[in-house]
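Input: a single structure, listed below in structure tokens.
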Protein chains: 4
Amino acid sequence: MSNKKKARNKEATIKKIYDVFFKLVLEEGFHKASTNKIAKEAKISIGTLYHHFPEGKKEIIRRYFENSVETSFDLEEFKKLNMSNISTVFRAFVSNILRNHKENKAYYIAFRSAILSDESLAQAHNERVVEISTGFVNELQETSEFFKSREKKRLIRSFIFIYNIINAIIYHHIVFMDLFQNDEDLVDYVSNLLGFTIKYLQKK
Amino acid sequence: MSNKKKARNKEATIKKIYDVFFKLVLEEGFHKASTNKIAKEAKISIGTLYHHFPEGKKEIIRRYFENSVETSFDLEEFKKLNMSNISTVFRAFVSNILRNHKENKAYYIAFRSAILSDESLAQAHNERVVEISTGFVNELQETSEFFKSREKKRLIRSFIFIYNIINAIIYHHIVFMDLFQNDEDLVDYVSNLLGFTIKYLQKK
Amino acid sequence: MSNKKKARNKEATIKKIYDVFFKLVLEEGFHKASTNKIAKEAKISIGTLYHHFPEGKKEIIRRYFENSVETSFDLEEFKKLNMSNISTVFRAFVSNILRNHKENKAYYIAFRSAILSDESLAQAHNERVVEISTGFVNELQETSEFFKSREKKRLIRSFIFIYNIINAIIYHHIVFMDLFQNDEDLVDYVSNLLGFTIKYLQKK
Amino acid sequence: MSNKKKARNKEATIKKIYDVFFKLVLEEGFHKASTNKIAKEAKISIGTLYHHFPEGKKEIIRRYFENSVETSFDLEEFKKLNMSNISTVFRAFVSNILRNHKENKAYYIAFRSAILSDESLAQAHNERVVEISTGFVNELQETSEFFKSREKKRLIRSFIFIYNIINAIIYHHIVFMDLFQNDEDLVDYVSNLLGFTIKYLQKK
DNA sequence: AATGAATGAGAATTCATTCAT
DNA sequence: TATGAATGAATTCTCATTCAT
């Protein structure tokens with residue numbers, strides 16, 4: 001077998017583990033998604049699972065979190081932001097996060113469960129949010145007139161705040177289903193709230 | 001067989017179980033707060049725990065929820081609401097909920113964990129929120145000129161929405177600690193958000 | 001409360017315990033019919049159950065067995081036995097036992113389960129069968145010409161044997177349902193077998 | 001963590017589990033033969049037991065039943081059946097079943113106990129009896145003149161019936177010990193009963 | 001006599017993890 | 001690299017039984 005093929009197999013195995021893990025989280029919750037079950041469902045041996053993830057479950061989440069997902073937004077919309085298209089851009093941004101949450105529902109549930117018994121994960125998460133937000137603001141300032149003139153630190157802090165608020169609401173909506181009747185209502189409310197929050201932060 | 005004395009105080013035993021359970025939830029999370037640990041810490045036998053809560057942990061939460069806590073607000077502030085004191089009343093309301101969350105942090109963590117593996121609990125929770133909101137609005141309309149003229153159904157729906165949004169944010173703040181630096185900031189933001197949300201709902 | 005009334009209540013309580021116990025045995029098997037469940041279903045306290053049956057479950061069966069049921073047949077048919085009505089008498093006898101088994105299915109299941117972990121019960125059962133058979137044969141010999149001339153000891157031994165064979169088959173039929181399509185087939189076969197067995201025993 | 005050696009012999013482990021389980025059933029009955037005791041006596045960990053038998057005790061019996069035992073008779077005797085050796089053949093057949101019951105007494109006790117709380121096991125058992133009986137009759141008809149001319153379906157039905165009756169009696173004899181003084185008496189009676197039953201079935 | 005709170009051993013089962021092959 | 005047998009602490013829950021009131 002060539003090295004490439006081996007690598008490809010390795011990737012496939014890891015992907016299978018992620019997939020099965022999140023499927024099990026959705027079906028029966030984070031704590032019942034055991035390593036043994038994952039291995040069985042993924043049709044690999046438990047040894048193989050620990051070979052790829054020596055620390056087991058927490059490592060699955062941590063590495064999935066590291067590679068992924070949570071903090072990757074589409075910048076392009078924001079770069080085009082100006083006075084006239086604020087509403088559209090905000091909606092696109094919120095829709096983006098919402099879509100991400102829906103596609104990764106299991107991940108978010110798992111992550112929030114894991115965080116409760118693994119403080120270092122929360123720590124890592126917070127650092128990650130800062131890091132990504134910084135990069136995000138940097139890039140925005142480089143390319144958009146709209147953001148160039150604003151103070152960077154403040155922009156970053158604002159972005160983190162907004163991002164967390166939106167996440168709090170969207171996560172609640174997805175898991176408890178008691179906030180909005182449908183996604184359009186959510187996007188409408190949250191993007192308005194985004195506007196409100198920006199104004200609120202400016203005043204402070 | 002044993003020469004342990006048998007304390008025979010039902011209420012005290014149940015209270016001890018609640019106390020120890022929520023203490024353990026705070027210390028190590030819902031899933032690690034096992035029935036055995038609860039019994040051991042509460043210095044009762046595991047049999048006694050199951051004697052009082054035959055369905056174990058989920059029954060502890062469910063019954064605590066049923067008797068309690070979550071949805072009791074101070075009406076008095078609201079009854080005095082008029083055009084000039086909106087801001088103060090909102091702040092008092094939000095402070096109220098925040099205080100409740102802080103005092104019952106373990107309960108909220110436990111409840112959200114339990115809800116993920118017990119749909120009937122979510123259901124019960126939703127029904128409870130509706131019921132309490134209805135009572136709340138009824139009383140407000142009876143005593144306050146401000147609310148008398150508004151449509152009851154709409155008021156209830158709005159109240160539920162606001163209540164859930166506030167909860168989403170406060171819970172996130174309490175558990176993940178990544179939103180506000182201190183409680184005053186939270187109260188300020190959330191009570192402003194409350195005003196924004198009410199206006200938003202009126203427009204719709 | 002008069003003594004009579006107390007006594008009547010006591011009887012009623014004991015009857016309730018028997019009834020609930022055998023109901024539970026039928027529903028979930030002997031080993032899952034616990035004393036606590038019996039008390040709860042019978043709406044008495046567990047203390048009361050142990051007050052009436054200090055040794056718990058095994059005493060319930062033992063005393064039910066002692067008072068009852070298993071070894072009470074209708075003699076009248078047998079007393080009329082002669083050459084011409086053998087078949088009818090046998091059928092009546094077998095029907096009798098079958099009816100008893102159906103009415104006391106739970107008792108038989110419980111008894112067979114209990115016997116496996118309580119040898120003294122098996123012993124008591126065997127002694128009881130001998131005792132009852134002896135009484136039965138005595139009475140038959142006193143009143144029926146047909147039996148008067150036969151040797152008592154042999155009659156008793158034969159009766160015990162026949163009784164046990166019939167029980168083995170009927171119990172199997174009732175619990176495993178793989179022998180006969182209906183009760184008539186069983187009664188027909190078993191009463192023929194009874195004839196066969198008597199002839200077999202005479203030859204020996 | 002532990003420095004125990006890990007013997008890695010699946011077949012041997014499973015055999016040990018079977019052996020210890022049936023030994024315990026004989027010693028203290030099906031319900032007292034707990035999975036923990038089995039593991040302890042077999043000197044394996046409880047985890048190992050559940051690794052091989054994820055459904056615990058009921059799976060031990062079910063799989064033992066599936067691989068085994070109960071319905072394997074010696075055909076050779078039957079193939080030589082003719083008018084003159086009926087009695088000998090029947091005796092051999094009954095002896096065969098008796099020997100099987102004695103060698104597998106624990107299995108039969110366990111099986112009958114398990115059947116009371118696991119209907120699917122009874123179902124499987126019945127199907128198994130039909131299947132084996134069919135194979136048995138097929139083979140007999142191929143090789144023996146005596147059986148060739150008889151209607152297959154009827155032969156099968158008769159065989160099943162006889163097999164069940166014999167089992168009911170032998171099981172009773174083995175467990176309750178109140179039928180026959182010794183095995184010869186049992187074989188004599190049951191093989192005679194077999195002849196009686198065949199005649200009985202022919203008349204019907 | 002009746003109640004039911006309390007007991008704790010022990011049963012079934014799960015789980016993360018190790019390690020010989 | 002991969003396998004899966006093995007581990008045993010930990011978890012949930014049941015049960016027969018005791019005893020203070």
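To find a chain, count down the sequence lines: A is the first, B the second, and so on, and within it residues start at 1. As a basis for the values below, the full set of heavy atoms in this structure was taken, side chains included, without hydrogen atoms, waters or symmetry mates.
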Problem set entry | Nearest-nucleotide pick for C:Thr48, side chain only, options being F:dA5, E:dA2, F:dT3 | E:dA2

Problem set entry | Most 5' of C:Lys43 and B:His52 on DNA chain E, judged by nearest nucleotide | C:Lys43

For this session: Send over the distance from B:Leu49 CG to F:dT11 P, rounded to a whole Å.
Result: 14 Å

Exercise. Is the distance between the ring centroids of B:Tyr64 and B:Phe21 less than 6.0 Å?
Worked result: no

Problem set entry | Test item: side-chain donor near acceptor, C:Glu127 and C:Gln123, under 3.5 Å | yes

Problem set entry | Options F:dG8, E:dA5, E:dA2, nucleotide nearest the side-chain atoms of B:His51 | E:dA5

For this session: Take the protein atom CG of B:Asn9 and the nucleotide atom C1' of E:dA6, then report the distance between them rounded to whole Å.
Result: 12 Å

Exercise. How about A:Phe176 and B:His125: are their ring centres within less than 6.0 Å of each other?
Worked result: no

Problem set entry | Any D:Ser45 side-chain N or O less than 4.0 Å from OP1/OP2 of F:dG8 | no

Exercise. B:Glu11 has an atom CD; how far is it from atom P of F:dT21, in whole Å?
Worked result: 17 Å

For this session: Nearest whole angstrom, please: distance from the C1' of F:dT7 to the CD1 of D:Ile17.
Result: 13 Å

For this session: Kindly say if D:Thr13 contacts the phosphate of F:dA5, meaning a side-chain N or O under 4.0 Å from OP1 or OP2.
Result: no

For this session: Using atom NZ of D:Lys15 as one end and atom C1' of F:dA5 as the other, report the distance to the nearest whole Å.
Result: 19 Å

Exercise. Rounded to whole angstrom units, what separation is found between the NZ atom of A:Lys40 and the P atom of F:dA2?
Worked result: 20 Å

Exercise. Across all strands, who's sitting opposite F:dA20 as a Watson-Crick or G-U wobble pair, both distances under 3.5 Å?
Worked result: E:dT3

Exercise. Do C:Tyr18 and C:Phe53 have ring centroids that are under 6.0 Å from one another?
Worked result: yes

Using a cutoff of under 3.5 Å, can you pull out all pairs of nitrogen or oxygen atoms linking the protein to nucleotides 14-16 of chain F, with atom names and distances?
residue	atom	partner	partner atom	Å
F:dA16	OP1	C:Lys57	NZ	3.2
F:dA16	OP2	C:Thr35	N	2.7
F:dA16	OP2	C:Thr35	OG1	3.2
F:dA16	N7	C:Asn36	ND2	2.7

For this session: Answer yes or no: is there a side-chain heavy-atom contact under 4.5 Å between C:Ile44 and C:Lys16?
Result: no

Exercise. If we ignore angles and hydrogens, is there a donor and acceptor under 3.5 Å between the side chains of D:Asp118 and D:Ser120?
Worked result: yes

Problem set entry | Derivation of the side chain to side chain contact (heavy atoms under 4.5 Å, CB included) call for B:Phe22 and B:Asn104 | CA-CA 9 Å; B:Phe22 291 125; B:Asn104 295 284; over 6 Å; no

For this session: Round to the nearest Å and state the distance from D:Phe53 atom CZ to E:dA11 atom P.
Result: 19 Å

Exercise. Tell me: CD1 of B:Ile38 to P of F:dA10, nearest whole Å?
Worked result: 16 Å

